[in-house]
Amino acid sequence: MTDTQVSDPGLYDYAPWRERPRLEWPGGKSCAVWVAPNLEFYELDPPANPHRKSWGRPHPDVVGYSHRDHANRVSHWRMADVMSKHGFPGSVSLSVALCDHIPEVVDDAAQRGWEFFSHGIYNTRYSYGMDEAQERAIIEDSIATVKRATGQTIRGWLAPALTHTPRTLDLIAEYGLDYTCDLYHDDQPTDIRVASGRLTAIPYSLEVNDHYGFFIYNMSPREYADTLIRQFERLASEGEKSGTVMCIPLHSYLIGQPHRIGPFEEVLRHIAADGRAWIARAGEIVDSYRAQTGEAA
Amino acid sequence: MTLDPSYLEYSMRRRGMDHDSYPYSALPTRPPLRWPGERLLLIWPVISLEYFPMVPSDLPFRAPGHMQTAYPDYRHYTAREYGTRIGIYRLLDAFEAVGARISVACNAAIAQRYPALIQDILAGGHEIIAHATDMNAAIASNMPAGAEAAIIGEAIETLHSLTGQRPRGWLSIARSQSFETPQLLAEAGIEYMCDWVNDELPYTFATPAGSIVNIPLNHELSDRQIINVQQQSVDSYALQIEDAAAWLLAEAATGGGRMLPMHLTPYIMGLPYRIDAFDRLVERLAALPAAGFATGSDILDAWKAQQ
């Protein structure tokens, strides 16, 4: 990268957890819960990015590729059915090329009333090393592709495979996107300093992401389910003072495996029955936050 | 370092997959399968029988479970041999106690070195499928020309001559293939491979030498993944397998026959402190209504008859 590197990105002001202004979610709910399925396409033989390898093995990485392909053939459908059954819409982190490759999955999500935001073109193409024109190209591609495939105008961004440049946040705000899922500093939405426009960081999660649960913390399916319930219980309790946000980021090729989907269904049953959860899409949470905080939060 | 403009070109961005090996297919859209005997769930155990030479070859990569210390690595060499002396018999006993016939993915070196074990596997009515020559025979696309075909040919011919049967199935070490592997397997007369984990039912895989069937051997449900990699207990393993069986049985009631692969490693599952829990798991699985054990060939034949 040729950009100047800074120690403090200056994204937001410090805000202590005590004495926060009160946020209230619709219906008097204390915790806004959103589910973020990653609907992705990984390439079998992608070009190399000098800053990050796509696959651990020489191409074809059969297990790496085919594990992720399980999502589109089998486990998306299993995960989505469980979500619909318990009343959870998805806010989709989308590899937008999936619209071209496998519109069946994108159409299914759209018909379920899910919201789409961009997760790049492919999860095997990284932003590291992109110049401004290249980064504009993938943002414009994302907006146009999702609009064409679903009629929706994307409002959010989760960087492809979490790869950023120092320009990303300014650029997506300039293009009118409302939220980023790439910042992990808070349990409430936060407005981010950008060059133009307004950009809100919505709490996503690495810690309770199914990938972290199963491949960083090596949890069993039931341990992961218990983790999600504990996460919800604490956030719903603290949210009585000022509303919190809980995101459940998923990859169907992980959560939709036959040994995991049953325990996960119990999590959704628990949260839906609790009464303190505002089960919402990402855009609705950002809208509610902005309605309560005014123009310049 | 800036990116070449070609990094934003997507030559395979098109309808369907980014290769021609198989078309996209959503499992719920397929006609329901019916397994023999009106069973809804076929449980497919595959035991890997592995011989680890004490001098590892790292070309193209070192197989999972291979040597780890400076030479001589007696501890890993002998701990793996424990599996082929004792662990395998505990696993065979567990399955034979419930009358199950299963698949064994066998390095050719095991058949050469331990003919008594091969005779016991065959006497139990189990299926032997090919699993390379030994644990130095991993495959990947950065191998010298001809090396991969030599491994495949030698593995199959050795098993054929020592078991009297030509193996119908193939499992690659670490499920690792080159772009040529499916074609080489088809040319060698292999009917099914177990390497691709993108589905939960068999499907057809196209190669320039004709098609081969892939029967997905779920790596996430393997004892290696759950017990060795994720460091969970055998009790947790058993619960996960039973949770999977329960979910798949429920799905099968409306969606058609399902399969539950159980990939097993004798030196992992066949230890004294784990095997009692495993024995009881096999007993409970055997008692499930509408489920039954099967070999890969059983599944292949039942699936093919409905295509």
Side-chain angles (χ1 to χ4, degrees), chain A residues 1-2 41 43-45 47-51 57-63 65-78 81 97 100-105 108 121-122 125-126 128-131 134 137-138 141 214-215 218-223 253-254 257-263, chain B residues 1-10 12-19 21 24-29 60-61 140-142 172 174-179 181 195-201 203 216 218-221 226 229-232 236 239-248 251 258 260:
Chain A
M1 305 237 182
T2 53
F41 198 97
E43 298 162 285
L44 186 64
D45 194 19
N49 182 306
H51 305 278
R57 289 200 192 286
H59 304 175
D61 187 331
V62 169
V63 171
Y65 178 88
S66 64
H67 190 197
R68 287 156 182 81
D69 187 35
H70 186 277
N72 295 320
R73 295 172 72 88
V74 181
S75 42
H76 164 73
W77 313 93
R78 196 176 269 155
D81 282 348
D100 303 304
H101 286 285
I102 307 181
E104 292 88 343
V105 170
D108 176 74
I121 312 302
Y122 289 102
R125 303 271 179 147
Y126 308 130
Y128 295 144
M130 282 189 186
D131 62 26
Q134 290 173 324
I138 66 167
D141 185 337
F214 300 124
F215 290 103
N218 289 320
M219 293 177 190
S220 72
R222 289 179 186 225
E223 287 166 344
Y253 67 89
L254 301 177
Q257 292 287 336
H259 56 314
R260 296 194 179 119
I261 191 69
Chain B
M1 192 186 296
T2 54
L3 294 178
D4 188 88
S6 67
Y7 195 72
L8 271 73
E9 292 166 8
Y10 315 107
M12 299 301 282
R13 188 170 173 181
R14 62 180 189 183
R15 186 83 161 89
M17 304 309 296
D18 60 334
H19 55 73
S21 296
Y24 173 68
S25 166
L27 190 150
T29 65
F61 61 89
S141 49
N142 55 351
S172 299
R175 295 170 177 74
S176 177
Q177 299 188 345
S178 76
F179 284 108
T181 306
D195 296 332
W196 290 63
V197 294
N198 51 343
D199 212 296
E200 295 184 7
L201 291 173
Y203 67 93
N218 190 321
H219 68 305
E220 287 237 67
L221 284 168
I226 292 175
V229 176
Q230 297 186 317
Q231 303 272 300
Q232 292 156 18
S236 177
L239 195 55
Q240 292 179 49
I241 294 290
E242 290 184 280
D243 281 348
W247 188 272
L248 291 169
E251 236 179 50
R258 293 289 187 266
L260 174 60

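Here is how names work: the chains are called A, B, and so on, in the same order as the sequence lines, proteins then strands, and each is numbered from 1. Note that the structure is predicted; figures quoted are calculated from it, not measured. These numbers come from the heavy atoms of this one structure, side chains and all, not from hydrogens, waters or symmetry mates.
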Ionic contact status for Asp141(A) with Arg13(B), cut-off 4.0 Å: yes
Side-chain donor/acceptor of Gln177(B) to backbone N/O of Val62(A), under 3.5 Å: no
Interatomic distance, CE@Met219(A) vs CD@Gln230(B), rounded to 0.5 Å, equals 11.0 Å
Nearest non-hydrogen partners of Gln134(A) and Asp4(B), listed with the distance: NE2-O, 3.8 Å
Looking at chain A, which one of Pro5(B), Ser178(B), Ala140(B) has the largest number of heavy-atom pairs inside 4.5 Å, strictly under? Ser178(B)
Any sub-3.5 Å donor-acceptor pair from Asp18(B)'s side-chain atoms to Leu44(A)'s backbone N or O? yes
Going by the side chain to side chain contact (heavy atoms under 4.5 Å, CB included) test, name the single residue among Pro263(A), Pro258(A), Ser220(A) that passes it with Asp243(B). Pro263(A)
Side chain, backbone, both or neither: which part of Tyr7(B) has a non-hydrogen atom closer than 4.5 Å to chain A? both
Which atoms of Arg260(A) come close to chain B, meaning under 4.5 Å heavy atom to heavy atom: side chain ones, backbone ones, both, or neither? side chain
Determine the minimum heavy-atom distance between Leu8(B) and Ala137(A), stating which atoms define it. CD2-CB, 3.7 Å
Interface check, chain B: of Phe41(A), Tyr253(A), Tyr65(A), Phe214(A), most non-hydrogen pairs under 4.5 Å belong to Tyr65(A)
If I measure from the heavy atoms of chain A, does Ser172(B) come under 4.5 Å with its side chain, its backbone, both, or neither? neither
How long is the span from the CD atom in Glu104(A) to the OG1 atom in Thr29(B), to the nearest 0.5 Å? 8.0 Å
Between Asn49(A) and chain B, which part of the residue has a heavy atom less than 4.5 Å away: side chain, backbone, both or neither? both
The interface call for Arg125(A) against chain B, heavy-atom contacts under 4.5 Å, is both
What one should report as the nearest heavy-atom pair of Asn198(B) and Val74(A) is O-CG2, 4.1 Å
Calculate, to the nearest 0.5 Å, the distance between atoms CG and OH belonging to Asn72(A) and Tyr24(B) respectively. 6.0 Å
Most heavy-atom pairs under 4.5 Å with chain A, out of Asp199(B), Leu27(B), Asn142(B), Leu201(B), belong to Asp199(B)
Would you say Pro60(A) and Ser141(B) make side-chain contact, with heavy atoms under 4.5 Å? yes
Check whether any side-chain heavy atom of His259(A) sits under 4.5 Å from a side-chain heavy atom of Glu242(B), and report yes or no. no
Under a 4.5 Å cut-off applied to non-hydrogen side-chain atoms, are Phe179(B) and Asp45(A) in contact? yes
Which one, Glu9(B), Met17(B), Gln231(B), leads in non-hydrogen pairs under 4.5 Å with chain A? Met17(B)
Please give me the minimum heavy-atom distance between Ile138(A) and Tyr10(B), naming the atom from each residue. CG2-OH, 4.0 Å
So for Leu260(B), is it side chain, backbone, both, or neither that comes closer than 4.5 Å to the heavy atoms of chain A? neither
Taking every heavy-atom pair that is under 4.5 Å apart, which of His219(B), Arg175(B), His19(B), Met12(B) has the most such pairs with chain A? His219(B)
Donor-acceptor contact present, side-chain His67(A) to main-chain Val197(B), <3.5 Å: no
With rounding to the nearest 0.5 angstrom, report the CD to OG distance, Glu223(A) to Ser236(B). 6.0 Å
Under 4.5 Å heavy-atom distance to chain B, tell me which part of Ala71(A) shows up: side chain, backbone, both or neither. neither
Hey, does the side chain of Gln257(A) reach the backbone of Glu220(B) with a donor-acceptor pair shorter than 3.5 angstrom? no
Pair Glu200(B) + Arg73(A), salt bridge at N-O below 4.0 Å: no
So, taking the atom named CG in Asp100(A) and the one named CZ in Arg14(B), what distance separates them when rounded to the nearest 0.5 Å? 12.0 Å
Turns out that what part of Asn218(B) lies under 4.5 Å from chain A's heavy atoms comes down to side chain
Given that the side chain runs from C-beta out, which part of His59(A) has a heavy atom under 4.5 Å from chain B: side chain, backbone, both or neither? both
Could you tell me which of Ile121(A), Leu254(A), Val105(A), Asp131(A) has the largest number of non-hydrogen atom pairs under 4.5 Å with chain B? Ile121(A)
So for Ala174(B), is it side chain, backbone, both, or neither that comes closer than 4.5 Å to the heavy atoms of chain A? both
Closest approach of Arg15(B) to Pro103(A) (non-hydrogen atoms, all atoms of both residues): NH1-CD, 3.1 Å
